Every structure is written in C-alpha cells, then in structure tokens.
Number of protein chains: 2
Amino acid sequence: MKEHILIVDDDNDILELLEYNLSAAGYDVLGFLNTKHVRRVLIEEKIDLIIMDRNLPDIEGSYYVEMLRSKNINTPVIFLSAKNSTEEIKEGFLKGGDDYLAKPFDIEELVLRVKAVLRRSRGDVKELVENVEYRDMKLDLNMHKVQIGKLDIMLTNLETSLLQILVTNKGKVLDREFLLKYVWKDAENIHPKTVNVAIKRLKEKIDPAKSKEYIKTIRGVGYLVA
Amino acid sequence: MKEHILIVDDDNDILELLEYNLSAAGYDVLGFLNTKHVRRVLIEEKIDLIIMDRNLPDIEGSYYVEMLRSKNINTPVIFLSAKNSTEEIKEGFLKGGDDYLAKPFDIEELVLRVKAVLRRSRGDVKELVENVEYRDMKLDLNMHKVQIGKLDIMLTNLETSLLQILVTNKGKVLDREFLLKYVWKDAENIHPKTVNVAIKRLKEKIDPAKSKEYIKTIRGVGYLVA
DNA sequence: ACTTTAGATTACCTTTTGGTTACATATTTT
DNA sequence: AAAATATGTAACCAAAAGGTAATCTAAAGT
C-alpha cells in the first residue's frame with residue numbers, strides 16, 4: 001500500500017512541484033494551501049508524513065506542528081521554509097519537526113529526505129484513528145477522553161498519553177525511565193517521582209472508587225495494565 | 001538507560017566538540033578517528049546512532065555506511081561533512097543516511113537533529129521478554145508473576161530473578177556462590193545464608209502446601225529445579 | 001545413639017519504594 | 001488580567017522487601 005504524504009504550502013507552484021515529484025516517487029500526495037482541514041484529514045486518513053511550510057497565511061507552520069504534537073499526533077514532519085537562520089531551524093526541531101529543509105531546495109534532495117524519514121519512522125507511526133480499548137474502557141485519543149461504561153471522562157494531554165502507552169503496552173511493566181522517555185518525551189530534568197504522582201492522579205480520575213485496579217503497581221519496577 | 005552515540009571523525013577538535021556537547025545532552029558518546037574498530041563495536045555494543053564524517057583517512061564515510069547497510073546494520077546515521085553540494089548530500093541519503101549536516105555546523109542544531117532522529121527511530125513499544133515454563137508453572141517475566149495452574153502469583157524482583165535463574169538452569173544444581181553472583185549481582189557483603197531465606201520464602205510463595213517440591217535442596221551444594 | 005553440620009524457620013529491623021498531600025509554577029480559559 | 005486548570009516538586013508517611021541473627025530440625029558421619 002502506498003504511503004501518504006500531506007503537504008501544506010500556500011505557494012501553489014511549490015505545491016504542484018512537490019505533488020508531481022512525490023507522486024512520481026510512488027507516494028500518495030494530498031496538498032493543502034492552508035491548515036484549515038489538515039487536522040481532520042490527519043485524524044480520518046492514514047497519513048505517514050507531513051511536509052509543512054512555515055509561512056502559512058493562517059498560522060506559523062511550526063506552531064501548528066507544536067499544536068499537533070500536544071494532541072498526541074506524532075506523524076513525522078519535514079519543514080520547508082525560506083526561514084533558514086540556525087535559530088529558526090532549531091525552532092523547527094524544538095516544535096517537533098523531523099527534518100528541516102531551506103527554500104530554495106533541490107527537489108531530489110527533498111525526495112531523498114522524505115524517504116529517509118519514512119524509512120526510519122515506518123512501523124512506529126501510530127494509528128490516529130484507531131481508538132484503544134481495555135476491559136470496559138474505551139480510550140478516544142482524539143477527543144482526549146475515556147469512556148468507562150456509560151461515563152465519559154475528559155483527560156488532559158498528559159493523562160491521555162500516559163493511559164495510551166499503558167494500554168497499548170498491556171501486559172508489560174513499564175518502568176519510570178520508559179515512561180519519562182515516551183510520555184514526557186525525554187524532557188530534561190524531570191524527576192522520576194513525577195511519574196508516581198501522574199499515575200496516582202490518573203488512577204484517581206479513571207477509578208475514583210479504587211475498585212477496578214486498571215493500573216497495577218509493580219514494586220521496584222513500574223506500572224502496568226494487565 | 002542512556003542512548004549510545006558513536007562518532008567517527010578524523011578531526012580531533014570536532015570529535016571533542018561533539019563528545020562534550022552530546023555528553024552534556026545526556027548521551028553516552030564513543031568517538032573514533034577512523035573506522036577500524038567501528039564495525040566490531042556496532043556488533044558488540046548497543047549503539048543507537050552514528051554520526052559520521054565523510055572525509056575519513058581510510059575510507060569515504062558514505063561508502064562505509066553503504067557497507068554497513070549491506071550487512072544489515074541499520075543503525076541511524078547522520079552525516080557530517082564539508083562536502084555540501086546537493087549531489088554529495090543526495091549521495092549521503094542514497095547510501096543509507098538519515099540526515100546530512102554540512103560543516104561548519106551549529107552544534108545546537110546538530111544536537112536537535114540527533115534528538116529528532118532518535119525520537120523517530122525508536123519504537124514506543126516495550127520489548128517483550130520471553131517467558132519461561134516449568135511443569136504446571138508459567139513464569140511471566142514481563143508481568144513479574146507465575147501462573148500455577150489457574151492461580152496467578154505476583155513475584156517481587158528478587159523472587160522473579162531467583163525463580164528465573166533456577167528454571168532456566170533446570171537440572172543443574174546452583175550453589176550459593178553462583179546465585180549470589182547472578183541474582184544478587186555480586187553485591188558486597190551479602191551473607192550466603194541470605195540465599196536460604198530467599199529460597200524458603202520463594203518456596204512458601206509458590207507452593208504454600210509444600211506438595212509440589214518445585215525447588216529441591218541438595219545438601220552441601222545448593223538448590224535445583226529438576 | 002551421639003555428634004556435627006547444613007539447612008529451615010522465625011522474628012526482628014533497616015532500607016527502599018510508593019502513596020499521599022500540599023504547594024508552587026506554568027499554562028489555558030474566560 | 002483574573003480565574004481555573006494542569007502539572008511538577010518536595011515533604012512526609014506507610015508498606016513492602018529483604019538481610020541478619022538466633023534458634024530449631026534433620027541429615028550424615030562416627
């Protein structure tokens with residue numbers, strides 16, 4: 001099955017150039033001139049890579065990506081931009097980009113960078129649409145909520161990604177180091193005890209009566225959903 | 001556990017600059033001035049990322065990476081090179097590189113690119129450990145429990161590793177010295193009698209009725225699972 | 001049978017670890 | 001800007017794990 005690339009660039013010429021060349025390279029390409037419908041498409045379709053211009057009419061591209069990341073949308077992103085000072089490049093990576101290419105660019109180099117990112121991220125791309133279920137709990141990643149029985153419980157970003165990683169790794173004990181890596185995205189200087197508190201709050205939220213034991217503590221190791 | 005980065009660059013100053021900054025960013029760094037021992041290190045150590053100069057005394061860096069790829073060594077590679085024509089950059093990607101940064105480079109940008117590649121190249125799923133079985137006992141190392149018949153019994157860290165080593169060495173008598181070495185990891189000043197108590201507690205836990213005799217005592221030698 | 005010796009058992013105590021809460025800071029919403 | 005919310009940090013407490021030592025028991029040698 002072809003891999004899907006979503007492009008956002010307000011310059012129609014560039015959009016066409018990219019669509020032409022990436023299609024020729026065997027990808028399915030979806031082009032957009034602004035971010036208006038991007039989020040919905042990301043949720044509804046299986047998108048493997050985003051190519052994003054930074055100078056967009058409605059929003060600065062890197063801010064848009066930062067927003068996506070905060071919603072647990074981790075599709076790889078390559079920035080494409082005339083802003084090419086090192087400061088701006090660094091910002092692109094800090095906001096969650098996977099690569100950064102300055103305009104004007106060599107189209108073949110872009111295609112190669114696309115391939116490199118896809119090669120590396122393959123298999124690790126999370127299904128955005130698919131919701132995760134466990135016992136009587138339905139986790140809706142996009143809406144940031146869990147349905148437990150008839151009850152809808154809103155979750156914060158942190159709670160969503162913590163619960164997500166626990167449930168998708170069900171049956172495995174996740175230690176604090178692992179959780180810090182994937183939920184806190186390696187943020188520097190985060191105390192491991194932070195995990196305890198986050199877990200405690202999550203438990204409290206999804207099971208205030210403490211009757212379900214969704215999340216078990218494995219002393220000396222970490223936490224798991226069994 | 002820290003991620004390991006291997007660097008190959010014949011310029012000692014650059015090597016030191018990278019070692020300093022990547023160590024500061026929390027990585028374990030191994031620097032090399034040529035590729036002589038690189039392949040052996042890649043095989044023997046767990047290396048998560050390679051930073052490779054292209055101008056090496058013994059071989060062209062991208063050819064070296066191409067060789068690695070042909071040997072199914074798929075560790076991510078970031079090229080670092082004074083060769084920065086688009087043709088040469090393209091060659092870097094074609095030979096299997098994940099990113100390409102032209103010298104001179106901004107060290108902070110490099111660190112960010114390193115993070116981006118590592119973030120993308122590691123899966124977010126915890127690896128499953130193989131489980132061990134013996135008689136009617138299933139030892140689940142992921143969940144730190146044994147299933148005996150229908151019954152699930154949670155184990156502590158010590159109990160898990162003790163039972164694991166006994167069962168995986170089934171048929172062999174393990175003496176206290178051996179157990180102290182592998183279960184207690186040679187911790188200083190551990191009294192050999194400690195093993196007796198640990199074994200006693202483990203027996204009690206997995207067979208409170210004392211009817212199964214999973215673990216036999218061999219007087220004067222040690223313990224075994226037959 | 002008696003003695004010796006290794007292992008089992010038990011009780012005790014220290015250390016480690018996680019839970020809990022309160023507070024501070026940062027972020028988001030209004 | 002103010003209020004509300006989210007989340008990190010630190011302090012404190014409780015529980016669990018596990019090491020040690022004293023005592024008991026059983027096996028091996030005489």
Side-chain angles (χ1 to χ4, degrees), chain A residues 63 66-67 69-72 95 144-146 153-163 165-166 173-210 213-224, chain B residues 144-145 153-163 165-166 173-211 213-224:
Chain A
Y63 293 151
E66 184 179 37
M67 181 277 289
R69 297 290 186 246
S70 79
K71 305 282 186 213
N72 284 318
K95 302 291 192 193
H144 282 219
K145 65 172 192 192
V146 262
I153 298 168
M154 298 305 295
L155 298 178
T156 67
N157 277 334
L158 184 72
E159 289 160 353
T160 308
S161 73
L162 188 53
L163 190 53
I165 202 132
L166 281 164
V173 183
L174 307 184
D175 57 35
R176 289 174 184 70
E177 196 194 348
F178 181 89
L179 291 170
L180 285 174
K181 198 161 170 177
Y182 292 107
V183 177
W184 280 261
K185 316 252 192 246
D186 266 338
E188 312 281 304
N189 305 323
I190 297 283
H191 201 292
K193 286 268 178 121
T194 295
V195 178
N196 298 27
V197 180
I199 290 272
K200 192 254 175 195
R201 286 169 178 159
L202 177 59
K203 282 179 171 177
E204 174 72 26
K205 197 158 190 176
I206 61 178
D207 180 25
K210 294 173 204 252
E213 278 233 315
Y214 293 113
I215 301 168
K216 283 201 233 321
T217 304
I218 305 298
R219 203 185 166 83
V221 195
Y223 300 91
L224 91 159
Chain B
H144 282 231
K145 66 170 195 192
I153 299 167
M154 298 304 296
L155 298 177
T156 68
N157 269 337
L158 185 73
E159 289 160 353
T160 308
S161 75
L162 188 54
L163 189 53
I165 204 142
L166 282 164
V173 184
L174 307 182
D175 58 36
R176 288 175 183 68
E177 195 194 347
F178 179 89
L179 291 170
L180 285 174
K181 194 162 176 180
Y182 289 101
V183 178
W184 280 261
K185 314 259 189 290
D186 265 335
E188 309 285 302
N189 306 324
I190 295 284
H191 201 292
K193 289 268 177 142
T194 294
V195 179
N196 298 25
V197 180
I199 289 273
K200 192 261 173 190
R201 286 171 177 157
L202 178 59
K203 282 178 171 178
E204 173 73 26
K205 197 158 190 175
I206 61 178
D207 180 26
K210 296 173 204 247
S211 58
E213 278 235 313
Y214 293 114
I215 300 168
K216 285 200 227 327
T217 304
I218 306 299
R219 201 185 163 83
V221 195
Y223 300 91
L224 91 159

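Chain letters run A, B, ... following the sequence lines, proteins first, then strands; residues in each count from 1. Small disclaimer: the values here were computed from a predicted structure and weren't measured.
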Nucleotide [N], atom [atom2] - distance to [atom1] of [X] in whole Å:
{"X": "B:E204", "N": "C:dA8", "atom1": "CD", "atom2": "C1'", "value": "12 Å"}
{"X": "A:L155", "N": "D:dA6", "atom1": "CG", "atom2": "P", "value": "10 Å"}
{"X": "B:N189", "N": "D:dG19", "atom1": "CG", "atom2": "P", "value": "12 Å"}
{"X": "B:I215", "N": "C:dA8", "atom1": "CD1", "atom2": "P", "value": "10 Å"}
{"X": "A:I153", "N": "D:dT5", "atom1": "CD1", "atom2": "C1'", "value": "17 Å"}
{"X": "A:M154", "N": "C:dT29", "atom1": "CE", "atom2": "C1'", "value": "14 Å"}
{"X": "B:I190", "N": "C:dT14", "atom1": "CD1", "atom2": "C1'", "value": "13 Å"}
{"X": "B:K200", "N": "C:dA11", "atom1": "NZ", "atom2": "C1'", "value": "11 Å"}

Side-chain N,O ([X]) to OP1/OP2 ([N]) below 4.0 Å:
{"X": "A:T217", "N": "C:dG18", "answer": "no"}
{"X": "B:K210", "N": "C:dT9", "answer": "yes"}
{"X": "A:T156", "N": "D:dT7", "answer": "yes"}

For the side chain of [X], starting at C-beta, report the closest nucleotide among [options].
{"X": "A:Y223", "options": "C:dG18, D:dA10, C:dG7", "result": "C:dG18"}
{"X": "B:N157", "options": "D:dG18, D:dT9, C:dA8", "result": "D:dG18"}
{"X": "A:V197", "options": "D:dG19, C:dG19, D:dA10", "result": "D:dA10"}
{"X": "B:R219", "options": "C:dT5, C:dT10, C:dG18", "result": "C:dT5"}
{"X": "A:W184", "options": "D:dG18, C:dG7, D:dG8", "result": "D:dG8"}
{"X": "B:K193", "options": "C:dG18, C:dA8, D:dG18", "result": "C:dA8"}

Does [X] reach the side chain of [Y], with side-chain heavy atoms less than 4.5 Å apart?
{"X": "A:Y214", "Y": "A:L166", "answer": "no"}
{"X": "A:L158", "Y": "A:W184", "answer": "yes"}
{"X": "A:Y223", "Y": "A:N196", "answer": "yes"}

A:T217-A:K203 side chain donor-acceptor pair, cut-off 3.5 Å: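 Short answer, yes.
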
Heavy-atom closest pair, residues A:L174 and A:I165: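 Smallest interatomic distance, heavy atoms only, reads CD1-O, 3.6 Å.
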
Sugar-phosphate only, base, or nothing, as touched by B:K203 at under 4.0 Å among non-hydrogen atoms: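 Sugar-phosphate only.
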
Side-chain-base donor-acceptor pair under 3.5 Å for A:R201 and C:dG19: no

